[in-house]
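Convention: sequence-line order gives letters A, B, ...; per-chain numbering from 1.
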Protein chains: 2
Amino acid sequence: MHDSSTTGLPPSWRATRQRGAVLRALHDAADFTSARELHGALMADGAVVGLTTVYRTLRLLEREGRVDIVRDEAGERLYRSRPADGHRHYLVCRRCGMSLAVAAEAVERWADDVVAATGFSAVEHTVELSGICEPCGTRPDRGSPHP
Amino acid sequence: MHDSSTTGLPPSWRATRQRGAVLRALHDAADFTSARELHGALMADGAVVGLTTVYRTLRLLEREGRVDIVRDEAGERLYRSRPADGHRHYLVCRRCGMSLAVAAEAVERWADDVVAATGFSAVEHTVELSGICEPCGTRPDRGSPHP
DNA sequence: TTCGTTGCAAAAGGTTTGCATACCA
DNA sequence: TGGTATGCAAACCTTTTGCAACGAA
């Protein structure tokens with residue numbers, strides 16, 4: 001379960017224990033996760049991986065377009081492995097961190113319109129949505145994630 | 001021209017030379033500007049203001065909703081005084097930094113739809129658009145801002 | 001006079017880099 | 001074996017904070 005064919009490592013990379021572990025941890029994380037959290041999860045799991053390696057692996061994945069990245073309010077980068085189906089926008093709960101991929105055709109269309117209207121080229125867009133999810137909204141006192 | 005009635009300082013603030021200078025520099029900057037750039041512009045202008053004060057003033061403006069904030073790819077915060085008409089989304093040129101307020105009703109509507117569809121509440125959204133503006137696209141070799 | 005404001009220096013926090021070592025191919 | 005990847009420590013950068021001095025009201 002750790003060879004490159006199942007971890008999904010790009011063929012040009014060397015398949016190392018550390019990269020496999022990072023990739024697996026990233027995949028296991030249900031929601032957007034910071035490098036530190038990822039590193040902590042790896043340690044808790046018994047996988048010994050340096051924080052530096054976590055950062056470097058995430059950076060590689062970023063270059064390959066294999067992760068979506070958002071920033072929390074503090075500016076920390078949060079990563080999530082990008083599904084193959086092209087979803088790229090998320091609604092993240094500010095309280096528990098749960099994230100939800102949302103259909104964004106409307107935004108894509110809008111971005112295209114902007115390109116046409118302004119004369120800009122190579123337009124890229126980032127959309128970040130945050131709110132309070134229904135379970136969290138129902139339990140206003142709880143700060144901890146709901147099961 | 002430096003009293004609080006023209007600098008637009010909130011009445012609850014103390015009108016100090018430094019805050020007036022930061023506010024003026026922010027207003028003079030055509031496009032999104034970092035705290036460091038603002039500080040540099042102030043120094044170049046002969047206004048002696050500590051970097052700390054620039055940060056603190058920007059933070060106050062942020063709390064009052066008087067500035068729009070985007071993050072560049074490095075995560076640095078860029079500030080721009082918010083026009084009174086409620087524009088809140090911008091298209092920023094990656095080459096020269098020029099920014100353009102864009103109509104975003106479509107996005108606002110879409111965000112509202114998302115709220116309705118997901119059960120999330122208190123949804124906030126951030127949209128960042130970047131591209132290459134027409135003048136920059138016409139002069140592919142130039143890295144400097146065009147006049 | 002009073003209390004908010006300033007500025008320096010230092011801390012904080014996340015992310016990157018230098019360099020010697022370990023290891024995949 | 002050869003070149004990549006790793007990991008530690010230290011560097012980097014932006015932003016925040018502690019604290020004594022300053023100044024607007």
Q | Value in whole Å for how far the C1' atom of dC22(D) lies from CZ of Arg17(B) | A | 11 Å
Q. Roughly how many Å is it from CZ in Arg19(A) to P in dC24(C), rounded to a whole number?
A. 12 Å
Q: Measure from CZ on Arg14(B) to C1' on dC22(D) and round the result to the nearest Å.
A: 11 Å
(Q) Regarding Val22(A), tell me which of base, sugar-phosphate or nothing describes its non-hydrogen contacts under 4.0 Å with the strands shown. (A) nothing
Q: Hey, could you give me the CZ/CG distance between Phe120(A) and Leu129(B), rounded to the nearest 0.5 Å?
A: 9.5 Å
Q | Listed nucleotide nearest any side-chain atom of Thr52(B), set dT15(D), dG23(D), dC8(C) | A | dC8(C)
(Q) Rounded to whole Å, please give me the gap between NE2 in His39(B) and C1' in dT6(C). (A) 12 Å
Q | Distance in angstrom units between Gln18(A) CD and dT4(D) P, rounded | A | 17 Å
Q: Check every strand shown and say whether Val48(A) touches a base, only sugar-phosphate, or nothing at a heavy-atom separation below 4.0 Å.
A: sugar-phosphate
Q. For the residue pair Leu51(B) and Arg36(B), what are the closest heavy atoms and their distance?
A. CD2-NH1, 4.1 Å
Q) Which whole-number value in Å describes the distance from Asp72(B) CG to dC13(D) P? A) 14 Å
Q: Kindly say if Arg59(A) contacts the phosphate of dT17(C), meaning a side-chain N or O under 4.0 Å from OP1 or OP2.
A: yes
Q: Can you tell me the distance, in whole Å, between the CD atom of Glu62(A) and the P atom of dG14(C)?
A: 18 Å
Q. Taking C-beta and beyond as the side chain, do Leu26(A) and Val67(A) meet within less than 4.5 Å on heavy atoms?
A. yes
Q.
Salt bridge or not between Arg80(A) and Asp68(A)? Use side-chain N to carboxylate O under 4.0 Å.
A. no
Q: Check the distance between dT6(C)'s C1' and Tyr55(B)'s OH and give it to me in whole angstrom.
A: 17 Å
**Q.** Nearest-nucleotide comparison on DNA chain C, the residue closer to the 5′ end among Arg36(A) and Arg56(A)
**A.** Arg36(A)
Q: Measure from the side-chain heavy atoms of Val49(B) and tell me the nearest of dG3(D), dA25(D), dG7(C).
A: dG7(C)
Q: Please state whether the phosphate of dT5(C), meaning OP1 or OP2, lies under 4.0 angstrom from any side-chain nitrogen or oxygen of Thr16(B).
A: no
Q: Would you kindly confirm whether Val49(B) and Met43(B) end up in one hydrophobic cluster when ILVMFWY residues are joined by side chain heavy atoms under 4.5 Å apart?
A: no
